[in-house]
Amino acid sequence: MTEEVHTGSIKKLIPEFIEKDPKEYSPELVELIERLTHLKILKPLIMVGLNTSGRIAGARRVFEAVTGYLKERDIDAEMAETGAIGLNSEEPVLSVQLPGRTRVLFINVAVDDVQVILDDVFHHTIPREKLLGQIRDENMDAWQDVPFLDELAFFSRQRRILLKQNGIIDPLSIDAYIAHGGYRTFLKTIRYHTLEEICVMMEESGLRGRSGSGFLTGKKWMVAQQTPAEQKYLVCNAEESDPGAFMDRALMEGNPHQLIEGICIAAYAIGATKAYIYIRSEYNDSIRKLSAAIQAARDYGILGHNIFFSGFNLSISIRKGPGAFVCGEETALIASMEGKRGMPQSKPPYPAERGFHKKPTIVNNVETLSNVPHIIANGPEWFRGIGTGDCTGTKIFSVSGRARTRGLIEIPMGTSLEVLVQEIIGGSQPGRTLKAVHIGGPYGGMLPASKLNIPVCYETFRRAGAVLGAGGILVLDEKTCVVDLVKYFMGFMKHQSCGKCIPCREGTKRMSELLDEITRKPLAEDQHDTLEKFRGLMQLEKLADVMRDTSLCGLGQLAANPLISALWHFREEFEEHIFDRHCKPNVCRELRTYYIDVELCTGCTVCAKRCPEDAIIGTERHPYFIVPDKCTGCGICKEVCKFSAVFYN
Amino acid sequence: MIKIEVNKKAVSVEKGQTILSALREHGIMVPTLCSMEELTPTGACRMCVVEVEGFDNLVPACSFKVQEWMKIKTHSARVLRARKANVELLLSNHPDDCLYCERSGNCELQKLAEDLNVRNRRIQGKRTSAKIDSSSLGIVRDPDKCILCGRCVRVCEEIVGISTIDFERRGDQLKIATAMSEPLQFSSCIDCGQCVVACPTGALIDHNQFQELDTSLDDPDMIVTVQYTPEVTVSLAEAFGFRPGTDMKGIINTALRRIGFDYIFETAFGGDVFIQEQAAELIARFRRKEKMPMITSRCPALVNYVEEFRPELISFLTPVRPPHQIMGKLINKWFATKKQVPSNRIQNVLITNCTAAKYEASRPEYASDNSPDVDYVLTTRELARLIRLNGININGLDPEPADGPFNAITSAGKLLANAGGEAEATTRTVFREISKKEMQDPRITKLRGNKYLRDAVIATPKGDLRVAVVHGLKHALKVMDEISTGKSEYDLIEIMVCREGCVNGGGQPIPANVNVIRARTKTIYDIDKSESLHCAHKNNAVAKMYEEFARAPASDQSRDLFMTRFAHRKVLK
Amino acid sequence: MDRIDQILNDFRQVNRDALIPVLQAVQDEFGYLSGESLEKIGAHLRLPASKIYGLATFYSQFTFAPRGKYHIRVCNGTACHIDRSTSILKELNKQLGIVDGEATRDGMFSLEVVACMGACGQSPVIAINEDYYPKVRSSAIRGLLDDIRTKHR
């Protein structure tokens, strides 16, 4: 690896790097930057996206296959890992760059593909299969007939600021980050700007908390900055516990130094000398990369005591969150850091005045903090120029579910949701119909396919009954059941509620029980039961109001959101479940009524033996029957029947 | 002072106050469930929510501070709807066995449901059926009735200071549990019962011994004696709606006799014996200057605590049986002989304030010939129930005296009900023994009052006697640290696990707020003022007992009869 | 039990802040938290065992029973859920005879349902120890388990 060769050199050149205008850089520095940014490379460069989802898809094996390939053929090439480019459904991603030529990306690469791809590329042809495209760069020779990434539908409508380097640079190389202009902003900030100036710039930029709160970040910082205290803390909330949200992980795995720089500037702005990253303990890869990044920054003197003679001290430590969704809430997060059960506290006092160890504490999430270096480097006006009036900058969305393309999308605020869903991710999977999208995770809401034409912004989403939240988008097609999804979210919330306040703990429990009930066949057919269920459902809407009105923290206040928005847009589906006991997408198995076709059944007894409820009776070698009252709809009989004699309606 | 607007009326309140306390001062009642005097507000139950102009959501009054010209609505339709819905949520899966519940009629949840006019079950919840934990001899836990307000957890942590219980898990699986979810009996619980008094519902109750007692009372061959401790007489009245602090002296005797007890004794007699034994032990240690300070061991919960948590302090405990166990021994040995009945035909019942005494009665140290000296222990609350069960109208009873030979008592034995009373009564006797004269004023006012730690220095010809009382175990932890490290300057320390001592024991009538407890305390001190005898050593009946039976305090005979021992017990703590 | 003393020695800082890191270190070492370890940690940090137990049960990371040789994690994130992770879980329940949070009697397998593993593009996902199985189908479960069992025969 060439990294060691460069390590000392860029460190030595940092002062020149900060002080001088790029035009005045010494040739030595210019050359170094060109090498580190891979603008000029001397030997082939091969990168594999080794982010978590890439690994799960088998990227590690691809990486090893590449290493083996190079070794076998004794090819001198540089190999490095990188983060997620954002096409999570198309992983593993492999990129190859030959000296003087643009970098080419391949997707869905299996171990067997490695040889084919590399053989071709080293012979200066680009295989079409598994090809994604090339990265545009005027200084290099482009490949013929290979699309540029920015021409692809997935990338062309995106505006990548935070994700710009994701999947492109080596997240473990501080040199690469610095060469791309990193840490310049922070080091300039601590030399030339006062704390207030930074807070004011942040406030002017209009950046709002990206974890869902939508609170003005600069305003919050100002409160902490102006609260007198001998110790203040900055906490980076990397708990990212919404199922279906993975943008923070991608940012940490793909470009950890961007986050570290954001933390540095934020800590400086509020006057904190200690910063923490509270991160989910399952995020092994993020933890590994952040630890390495912190260590590297410390080695370069970017963290530590009297940073570059500015008089500013800062240490960053990592706290592993032991797993509780509610710890995404800032007061619960602080309780957890203090070694307590992660239960939210009443606000006020806000943590900005009285937080960790009763000292002013700013809690910002990963995406928010990753924005900071860009805002300070380019100025608040630049940032305000992206997005719309109240919602400035970009927002990253993570798309999962039944979308054609699943992954990370960064678009300016104010872009229509329709553009995101239909153009960027290409709607639903081939042959399926887009039914709705669910936005904002377990306390978000859903929007039917017909109502997607709203701009991406905190307020518009709220008005439409959805929540921007962390930005998780779940795409639903006609084969997904809204009732089942709502039941899933409610089950999640009842389990993740801290249990402290009554409306949230009991409310989610009751709602979840009711949803369980309506997705299950009643044991005895009774009209009264049906009405009871319907009455219960009606009661839920009122209950949701009380939960919103009286719950202690946001989790409880928003817990009923998925249910309410689903009832709003898909009421008929609920009614169908209650009155017709029917689930059109066939997801709610327990509503199914199974029966055995008399003509087809041979009386082989297999189903009767396997039925866990002993609901199948009959005489050997004669057709069997399913007792409807006993059947729970598990479907095992259908699975085991060799004569395909079991059906359901 | 600042002005706020409550229900469209301007009122002035103190700055820095919570909305709740401001409202209470102005007589505006807002319901609460999780809040408790002197404990940190948690804002968990959301019963106290009020509408404040400018806030999107309702605001919990207990944890929100008043602000100048804040506009508050305490009983708007929106507020009432929210409160009612939250009570309904709690009730939606409640066992609903109010008819059979011990706390029926005295249950905060029941009262809230009544006050908020909950009349039908609009929200259906799935019932749970958790196992009732009746492993402990003092306290029974029924998790199904628990509304998770956390009062027991906070009392155990903030007042008792041992944190035997805490919240376990979260969300729909949230419950109150001991470490590793052990049954109470095997946990670090010391049976003090403060959680029972704190519990708003029937989730924590006494371990009842009603059934067994009934059989004994019915058995014509059995002689059933009953003794009651002094705090019972000043608190029983509350259970019948009388003003707190009313003394039921004498009336209790009548009631107990009606119930069918054969002999009725006051534990205060045993108290006088106890004081003399304790005084003799203290004087001996005072002279030898060893194992000082002496810690009084009358509080059974304290004994549990020392045995479980601080075995190094065992040698500092007074090795004397508590008064009711002295009584038990006297009844089984002395009284039985006098009456010429075999002791196995006598059943002793104790009525006391204390849930820990229920466990204590089962200790092997407190048994003679394999039979416990005290057979049944009932709390004050159980006595009230027993009186009702027997259809006795307590209003119409004339006082009657207790039975001999234990019917002569002094106010010293009665003082044991109050925190500091034991130290005070013991000092009176110690002073007489050391200086061979009575104290000029037997009252030691420095040991009375509201502080958690109270101390006094009594000058005697043999040097100063330093006595102290500390109540509420949490506040005693520091004192005990000092003893462990040899830094304590005291000679005698009375430690009471319950705040304000036995008057506020775990078996006393509910509710027991500060005002109620003060009223009980005051009555005991009033008795001390009005009684003619103030010192244990002046009790002639006790003197006669010694003469006939135990020779003298700290004699070989009395040691055999009244001494006890303690041992280290290992629990998960 | 000297190993736990060693871990505690590494945490010089005796305050409540250290509790979660200590528990994490102890669990990393032993695989689970036992009553004795709670007591030792409590004595070191001067905290009652109930508080530590209460804290540890709050968070999903901590477990109080030893894990199986093969720890199977089933992702129940949103994306995995709509791709029928429930049927995979049911199949595992059936094949192993255990539910979430339990281990088989022979100590071979243990089962845990986890919140999003972060591979929403590859749903549904399960993990057996550190090996991930993306886009897994419930019909494949039996084969997976059999492979492991044969490897150990």
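Numbers restart at 1 for each chain; the letters A, B, ... are given by sequence-line order, proteins then strands.
- Proximity to chain C is limited to the backbone of B:Ile165, based on heavy atoms less than 4.5 angstrom apart.
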Distance-only donor-acceptor screen, chain B against chain C, under 3.5 angstrom:
| residue | atom | partner | partner atom | Å |
| --- | --- | --- | --- | --- |
| B:Glu157 | OE1 | C:Lys51 | NZ | 2.8 |
| B:Ser163 | O | C:Ser50 | OG | 2.4 |
| B:Asp166 | OD1 | C:Lys51 | NZ | 3.3 |
| B:Arg169 | N | C:Thr57 | OG1 | 2.9 |
| B:Arg170 | NH1 | C:Phe58 | O | 2.7 |
| B:Ser181 | OG | C:Tyr53 | OH | 3.2 |
| B:Lys573 | O | C:Ala49 | N | 3.2 |

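- Contact between C:Pro48 and B:Ile162 at its shortest, heavy atoms only, is CB-O, 4.0 Å.
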